[in-house]
Amino acid sequence: MTDRSAVKDVLRAQRIETPSWGYGNSGTRFKVFAQAGVPRDPFEKLSDAAQVHAATGAAPKVSLHIPWDGVEDYSALCAHARGLGLEIGAINANVFQDDDYRLGSVTNPDARVRRKAVDHLLECVDIMDATGSTDLKLWFSDGTNYPGQDDTSARQGRLAEALAEVYERLGDGQRILLEYKLFEPAFYTMDVPDWGTAYAHCLRLGPKATVVVDTGHHAPGTNIEFIVAFLLREGKLGGFDFNSRFYADDDLMAGAADPFQLFRIMHEVVKNGGLAPETGVAFMLDQCHNIEAKIPAVIRSVMNVQEATAKALLVDAAALRAAQDAGDVLAANEVLMDAYATDVRPLLAEVRAEAGLDPNPLAAYRATGWADKIAADRVGGHQAGWGA
Ligand code: PSV
Ligand code: MN
């Protein structure tokens, strides 16, 4: 796109969903470092998310994780969200933190455990009904650690059965986003290790099942943008869990380690129409901020996604096509690299200023004094983390 005002229109409309757990304490298996002012409950997480939306104007939706964000009264949580100008985004199921799931959840050899897991997934659909959420995000930690531990194809059958039951329960306008992950916590086989497995299950389920691409869930060197192009072409890309990785599933700020990869992904999104709201691609973050301040880290991540998107929008599509059609390898590559090399920060600052926002979201957040306020106010109680 070379029309500057058309590029700005698209950037103004882009929405990025932030994860409730990004505002809570997190860490590695070695240590969780508590931070001052961290939310004690989902209401406070939403209040922090509202700061990100206020600073960027681009993050009105917040993904919840159940049971971490389980509450007695979802209408009260929704009212709180609405009062802050927010909506509830994806409901993330959690079938990975119970002793019963040692050998798997929906693929467990024990039918009792499978029933318990599916019941949790169905409960998540109830929560979608109660919150108006349209997206059920399913990630299964299921898999095996040792050759021979279980029957790989039987596990696929159990998975298909569980997915079919949940799919049947979906209401109008609700869908499944099925997430894959190469390894961890299982180290020999994961039951949904890659996009092909997720795609095959989604295809069998029907139009309300789509694949979610978590950028941290691939083998090093995987060409993620190819996966994105393929899934978009098939109408099966439900969304992204954006985060950044140097090594494995690092869950660092999106675009931090490899902004060029994020650009290449967004180029495929733009090229294949994935920014149009009717395609339903959800641009979610799935990150944890272990050592850095959380709210500004989420703001930075939103800005990184916006910058990658702006660069992708600036690709001269006509020149690219002409070079591709002419088989001019170097010219085609140059068109792409020209867009990537553009400093889009002034363009995004303009978009923000025209929307009545501070052109610098991080400065805007700092000026609110929110960090000091929550550090002073949120004293006592139990800070939220992976288990709460
Ligand atoms: C698993 O690694 C995952 O990416 C899933 O999306 C989980 O819901 C999330 O991380 C938990 O942080
Ligand atoms: Mn994820």
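Atoms within a ligand are numbered from 1 in the order they appear, just like the ligands themselves.
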Colleague: Considering only the protein, which heavy-atom contact is closest to atom 5 (C) of ligand 1, and what is its distance?
Modeller: E179 OE2, 3.4 Å
Colleague: Kindly give the atom name of the N, O or S atom of D286 closest to the Mn ion (ligand 2).
Modeller: OD2
Colleague: State the atom name: nearest N, O or S atom of E179 to the Mn ion (ligand 2).
Modeller: OE2
Colleague: Between D3, V351, L348, which is the residue that forms a side-chain contact (heavy atoms from CB on, under 4.5 Å) with K8?
Modeller: V351
Colleague: Relative to the heavy atoms of H217, which atoms of ligand 1 are at a distance of less than 4.0 Å?
Modeller: 1 (C), 2 (O), 3 (C), 4 (O)
Colleague: Write the atom name of the N, O or S atom in D241 that is nearest the Mn ion (ligand 2).
Modeller: OD2
Colleague: Please name the atom of D214, restricted to N, O or S, that is closest to the Mn ion (ligand 2).
Modeller: OD2
Colleague: Counting from 1, what ligand 1 atoms have a heavy atom of W21 closer than 4.0 Å?
Modeller: 12 (O)
Colleague: For ligand 1, which atoms have a heavy atom of K181 less than 4.0 angstrom away?
Modeller: 2 (O)
Colleague: Which atom pair, heavy atoms only, marks the closest approach of R158 to V106?
Modeller: CB-O, 3.5 Å
Colleague: Can Y23 and H289 be said to form a ring pair (Phe, Tyr, Trp, His ring centres under 6.0 Å), step by step?
Modeller: CA-CA 8 Å; Y23 303 102; H289 306 293; 8.0 Å; no
Colleague: Once the angle between the rings of W68 and F96 is folded into 0 to 90°, is it parallel (under 30°), tilted (30 to 60°) or perpendicular (over 60°)?
Modeller: perpendicular
Colleague: Assess K181 against F183: is NZ or CZ under 6.0 Å from the centre of the six-membered ring, and within 45 degrees of the ring's axis?
Modeller: no
Colleague: Hey, does D286 come in under 3.5 Å of ligand 1, counting only N/O atoms on both sides?
Modeller: yes
Colleague: Quick test of your reading of the model: are E354 and R12 salt-bridged, counting only N-O distances below 4.0 Å?
Modeller: yes
Colleague: Under 4.0 Å from a heavy atom of W139: which atoms of ligand 1 are those, numbered in the order shown and with their elements?
Modeller: 1 (C), 5 (C), 7 (C)
Colleague: Quick check on K208: does its NZ atom have over 12 non-hydrogen neighbours (other residues, nucleotides or ligands) under 6.0 Å away?
Modeller: yes
Colleague: Can you tell me which portion of D249 lies within the under-4.0 Å heavy-atom range of ligand 1? Options are side chain, backbone, both, or neither.
Modeller: side chain
Colleague: Based purely on interatomic distance, does D251 place a nitrogen or oxygen under 3.5 Å from a nitrogen or oxygen of ligand 1?
Modeller: no
Colleague: May I ask whether E184 places a heavy atom under 4.0 Å from ligand 1?
Modeller: no
Colleague: To check you understand the geometry: which heavy-atom pair defines the closest contact between D98 and D100, and what is its length?
Modeller: OD1-N, 2.8 Å
Colleague: Could you tell me, atom by atom, which parts of ligand 1 come under 4.0 Å of a heavy atom of D241?
Modeller: 6 (O)
Colleague: What protein heavy atom sits nearest atom 11 (C) of ligand 1, and how far off is it?
Modeller: H65 NE2, 3.8 Å
Colleague: Assess K311 against Y340: is NZ or CZ under 6.0 Å from the centre of the six-membered ring, and within 45 degrees of the ring's axis?
Modeller: yes
Colleague: For the residue pair F260 and F263, categorise the inter-ring angle as parallel (less than 30°), tilted (30 to 60°) or perpendicular (more than 60°).
Modeller: parallel
